[in-house]
Amino acid sequence: MSYSTILFDVADGVATLTLNRPDKLNAFTAEMHAELRDALGKVADPATGCRALLITGAGRGFCAGQDLTQRQMTENASIDLGETIDKQFNPLIRSLRSLALPVVGAINGVAAGAGMSLALACDITLAARSASFLQAFARLGLVPDSGSTFFLPRLAGEARARGLAMLAEKISAEQAAQWGLIWKVVDDDKLTAEAVALARHLATQPTKGLAMIKHALDQSSANTLDQQLDLERDLQRTLGHSADYREGVKAFLEKRPPKFTGR
Ligand code: T3D
């Protein structure tokens, strides 16, 4: 499949996915969703050799959420948004969160609506100092979707989640970092280099272990302590048989840097 709304490239174990509709601040269209689905399928395919994914946007925006020009409203128009959520946005967030490798978000500009949800769904999110975040949904009479009602209270706490979602006020990257919505803020001219370096570093790390860290953290808010302790035991048991664990211990004892293979 050739892509017209995204750029996709794999090098050195890192897949880079760039949303590429800069004139529309990389707003989502049905076509973009189809291309994202295809690209994420490649990232998940072990044959591609991806051990980390980097997501960013082209131009001055990261992603402005759903392209509203695809939602032209006539008097009394009514559209089944449940259908687009079910077929486009939910599969995107589900496939991102279930990727068995780390996902780095490099938020280069405004992230609004489902674009902000996408930023929150990444495992480690860096943002340019000039970037901003907007839960635009309430301005349209909608609820936050694409996981925002899940991520916001967990990351920022109830009070901030409610304020962000109901007031739909744009916040700065600094504010997003202070509230725990993202990992850190980087000077604009350093964002790409820092995000690429981070993704390359993660691609050299124990991929299986990182995937299981994601899994354990994803389960933790729904589990009791007992359930979580059992889960940690089970994951540790699996990882104890991995080549990367053997290499990690060996390298430590031999006082040399480890060479992880992701197995
Ligand atoms: O529909 C469903 O399937 C349900 C799912 C919904 C998920 C959602 O994401 S709902 C939320 C949709 N997104 C929004 O409501 C955000 C709308 N955009 C904005 O509020 C602002 O554009 C921003 C705050 C993001 C950025 O503002 P600013 O001043 O930096 O830029 P701008 O001038 O508004 O936008 C630049 C261009 O991008 C402009 O086009 P033009 O006039 O130069 O030709 C603008 O119309 C376009 N653009 C920005 N956002 C969207 C968009 N075009 C289509 N859809 C957009 N979402």
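All residue numbers in this chain count up from 1 along the given sequence. Counting starts at 1 for both ligands and their atoms, in listed order. These numbers come from the heavy atoms of this one structure, side chains and all, not from hydrogens, waters or symmetry mates.
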So, Asp230 and Arg233, do they make that salt bridge, N to O below 4.0 Å? yes
Atom 5 (C) of ligand 1: the protein heavy-atom neighbour that sits closest, reported with distance to 0.1 Å: Asp145 OD2, 3.2 Å
Heavy atom of the protein closest to atom 16 (C) of ligand 1 (residue, atom name, distance): Ala64 O, 3.5 Å
Quick one: does ligand 1 sit under 4.0 Å from the side chain of Arg71, the backbone, both or neither, non-hydrogen atoms only? side chain
Pair Arg129 + Asp188, salt bridge at N-O below 4.0 Å: no
Mutual orientation of the aromatic rings belonging to His33 and Phe28 [parallel < 30°, tilted 30-60°, perpendicular > 60°]: parallel
Sub-4.0 Å protein heavy atom near atom 57 (N) of ligand 1: yes
What protein heavy atom is closest to atom 11 (C) of ligand 1, reported as residue, atom name and distance in Å? Leu140 CD1, 3.8 Å
Within 4.0 Å of atom 18 (N) of ligand 1 (strictly less), any protein heavy atom? no
Just how far is it from atom OG of Ser146 to atom CZ of Arg94, taken to the nearest 0.5 Å? 11.0 Å
Checking side chain to side chain contact (heavy atoms under 4.5 Å, CB included) against Val43, which of Leu96, Leu101, Thr48, Val10 comes through? Leu101
Could you tell me whether Arg60 and ligand 1 have an N or O pair separated by under 3.5 Å? yes
Between Asp218 and Arg97, does any NZ, NE, NH1 or NH2 come within less than 4.0 Å of an OD or OE carboxylate oxygen? yes
Numbered in order shown, the ligand 1 atoms found under 4.0 Å of a heavy atom of Ala114 are 7 (C), 8 (C), 9 (O)
Got a protein heavy atom sitting under 4.0 Å from atom 34 (O) of ligand 1? no
Note the single closest protein heavy atom to atom 55 (N) of ligand 1, along with its residue, its atom name and the distance in Å. Leu68 N, 2.8 Å
Name the closest protein heavy atom to atom 27 (O) of ligand 1, giving the residue it belongs to and the distance to 0.1 Å. Leu25 CD1, 4.4 Å
Could you check whether atom 29 (O) of ligand 1 has a protein contact, counting only heavy atoms that fall below 4.0 angstrom? no
Taking heavy atoms and a distance under 4.0 Å, where does Thr84 meet ligand 1: side chain, backbone, both or neither? side chain
Does any N or O atom in Gln66 lie less than 3.5 angstrom from one in ligand 1, N or O only? yes
Glu35 side chain vs Ser4 backbone, donor-acceptor pair below 3.5 Å: yes
Asp244 with Lys208: basic N within carboxylate O range, under 4.0 Å: no
So, Arg246 side chain and His241 main chain: donor-acceptor pair closer than 3.5 Å or not? yes
List the closest protein heavy-atom neighbour of atom 43 (O) of ligand 1: residue, atom name, distance to the nearest 0.1 Å. Asp23 O, 4.6 Å
Less than 3.5 Å between some nitrogen or oxygen of Thr69 and one of ligand 1, yes or no? no
Please answer whether the main-chain N or O of Ala168 pairs with a side-chain N or O of Arg139 as donor and acceptor at a distance below 3.5 Å. yes
Main-chain N/O of Ala47 paired to Asp45 side chain as donor or acceptor, under 3.5 Å: yes
Mind checking whether Thr84 and Gln66 have side chains closer than 4.5 Å, heavy atoms only? no
Have a look at ligand 1 and work out which part of Asp67, if any, has a heavy atom under 4.0 Å from it: side chain, backbone, both or neither. both
Distance, nearest 0.5 Å, that separates CG of Leu118 from CZ of Phe151: 9.5 Å
Nearest protein heavy-atom contact for atom 24 (C) of ligand 1: which residue, which atom, what distance? Leu134 CD2, 3.7 Å
Test item, Ile79 contacting ligand 1 (heavy atom, 4.0 angstrom): no
Consider only side-chain heavy atoms of I, L, V, M, F, W and Y, link residues closer than 4.5 Å, and tell whether Phe8 and Ile55 are in one cluster. yes
Is any side-chain heavy atom of Thr56 closer than 4.5 Å to one of Thr192? no
Nearest protein heavy atom with distance in Å, relative to atom 41 (P) of ligand 1: Lys24 NZ, 4.0 Å
Does the protein come close to atom 45 (C) of ligand 1 - that is, does one of its heavy atoms sit below 4.0 Å from that atom? no
For Phe89, which part has a heavy atom under 4.0 Å from ligand 1: side chain, backbone, both, or neither? side chain
Ligand 1 atoms in contact with Gly65 (distance to a heavy atom under 4.0 Å): 9 (O)
Give a yes or no on whether atom 7 (C) of ligand 1 lies under 4.0 Å from any heavy atom of the protein. yes
Within the structure, does Ala136 bring an N/O atom to less than 3.5 angstrom of an N/O atom in ligand 1? no
